[in-house]
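Each ligand, and each atom within it, is numbered from 1 in the order the structure gives.
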Amino acid sequence: MAGLRLEKLKKSFGAVDVIKGVDLDIKDGEFVVFVGPSGCGKSTLLRMIAGLEDISGGDLFIDGKRCNDVEPRERGIAMVFQSYALYPHLTVYDNMSFGLTLNRTPKAEIETRVREAARILKLEHLLDRKPAHLSGGQRQRVAIGRAIVRKPTVFLFDEPLSNLDAALRMEMRMEIARLHKEIGATMIYVTHDQVEAMTLADRIVVLDGGIVQQIGAPIDLYKKPANRFVAGFIGSPRMNFLEVEVADVANGVATVRSPTVAPVQIDAAGLSKGSRAMLALRPQLLKRDAGIGSIGGNVSLVERLGSETIVSLETPSGERVLAVIPQDETFEPGSTVAFHFDPSAAHLFAA
Ligand code: ADP
Ligand code: MG
């Protein structure tokens with residue numbers, strides 16, 4: 001097993017800078033998830049670690065050794081892709097053993113490793129099948145098995161579950177968590193699915209535009225987003241952002257107000273009196289009826305999901321506010337309702 005260290009890692013394609021200086025320490029055995037919108041550089045960063053892309057600047061260390069110029073197969077890394085890339089004419093067993101056979105690994109050793117991987121992935125009864133006769137989830141398991149038999153020190157996953165339907169994705173997500181517990185190897189996992197990120201990661205790295213926006217434990221990112229981007233990216237439905245004016249600041253506490261929000265006191269987060277700011281409120285933070293920081297508006301849309309109700313409000317100033325009520329509740333479209341929130345769980349960002 002091995003830890004990794006990225007120092008000011010950069011990647012340019014011609015004149016286009018895609019990775020703009022990433023610093024990151026990954027501990028041996030850690031499960032790290034790269035998350036961010038499409039095109040932010042997640043795959044590129046992963047491919048640089050794997051050795052499939054040249055590094056334009058900075059240093060990559062694997063297990064303490066500088067690896068910028070080390071051949072991919074010498075890095076002790078295995079990568080699993082979204083497209084399973086299985087050989088259609090080979091059985092599950094042969095797909096998994098293929099790389100080892102090429103390496104001239106002794107036959108008995110191959111057998112041991114493939115059986116062990118099949119046991120971990122519950123593929124034992126499918127070893128003689130061809131990929132065409134497997135479900136999507138089973139194919140992805142074979143792709144993971146092919147990585148496991150190589151006994152890598154680091155596993156890289158690039159959106160491995162994106163091709164699966166929602167139910168299967170959840171099942172495979174739990175499988176991957178179990179796999180990490182069982183084999184304990186360092187894993188780096190790329191996804192744009194924040195539920196995968198929240199549930200799998202020891203730490204999440206949020207990327208945007210080739211720059212790290214925040215690194216931290218999932219729940220820390222949820223509770224203490226470092227900036228507006230992270231606030232808007234982590235959590236579902238997306239946070240509400242309301243433009244407010246900082247009417248006063250005293251002892252690090254700001255009083256903010258807007259046509260939408262009744263005056264409320266919030267941690268000033270370094271903002272000064274008179275500045276404009278974004279008040280960030282999770283939809284789950286909003287509670288029925290007026291109170292501290294009242295927000296009123298007309299009900300424009302109601303989604304009753306049984307376990308919860310999502311209400312969309314249009315405020316008098318034309319802002320849209322989403323509230324999630326943790327139970328079934330009826331709202332009359334067009335009616336006027338008010339919500340309030342606990343200001344200690346709200347966030348303020350510079351506008
Ligand atoms: P993500 O995986 O986060 O969706 P990628 O790492 O695939 O993003 O891509 C990041 C950016 O780099 C994108 O703008 C993409 O168009 C660009 N890019 C990726 N690979 C190449 C390449 N081989 N040549 C030129 N541009 C590339
Ligand atoms: Mg990608």
I'd like to check the side chain to side chain contact (heavy atoms under 4.5 Å, CB included) partners of Glu71; sequence neighbours left out, ordered by chain and number.
Glu74
Pairing residues for Val18 by the side chain to side chain contact (heavy atoms under 4.5 Å, CB included) criterion, not counting sequence neighbours:
Phe13, Val16, Thr44
Between side-chain atoms of residues 132-146 and protein atoms elsewhere (two or more places apart, or another chain), which donor-acceptor pairs fall under 3.5 Å?
unit_1 : atom_1 : unit_2 : atom_2 : d
Ser135 : OG     : Gln138 : N      : 3.2
Ser135 : OG     : Gln138 : OE1    : 3.4
Gln138 : OE1    : Ser135 : N      : 2.8
Arg139 : NE     : Pro131 : O      : 3.0
Arg139 : NE     : Leu134 : O      : 3.3
Arg139 : NH2    : Pro131 : O      : 3.4
Arg139 : NH2    : Leu134 : O      : 3.0
Gln140 : NE2    : Phe81  : O      : 3.3
Gln140 : NE2    : Pro160 : O      : 2.4
Arg141 : NH2    : Glu171 : OE2    : 3.4
Arg146 : NH1    : Ala85  : O      : 2.8
Arg146 : NH2    : Tyr84  : O      : 2.8

Can a donor-acceptor pair be found between the side chains of Ser162 and Glu159 at a distance below 3.5 Å?
yes
Tyr222 six-ring centre to Arg282 NZ/CZ under 6.0 Å and within 45° of normal:
yes
Going through the checks in order, is the salt bridge (charged side-chain N to carboxylate O under 4.0 Å, His left out) test met by Glu124 and Arg119?
CA-CA 6 Å; Glu124 288 147 307; Arg119 181 192 63 74; 5.9 Å; no
Output yes if Thr44 passes the N/O/S-under-2.8 Å test against the Mg ion (ligand 2); output no otherwise.
no
As a test of reading the model: which residues have a non-hydrogen atom less than 4.0 Å away from ligand 1?
Phe13, Val18, Pro37, Ser38, Gly39, Cys40, Gly41, Lys42, Ser43, Thr44
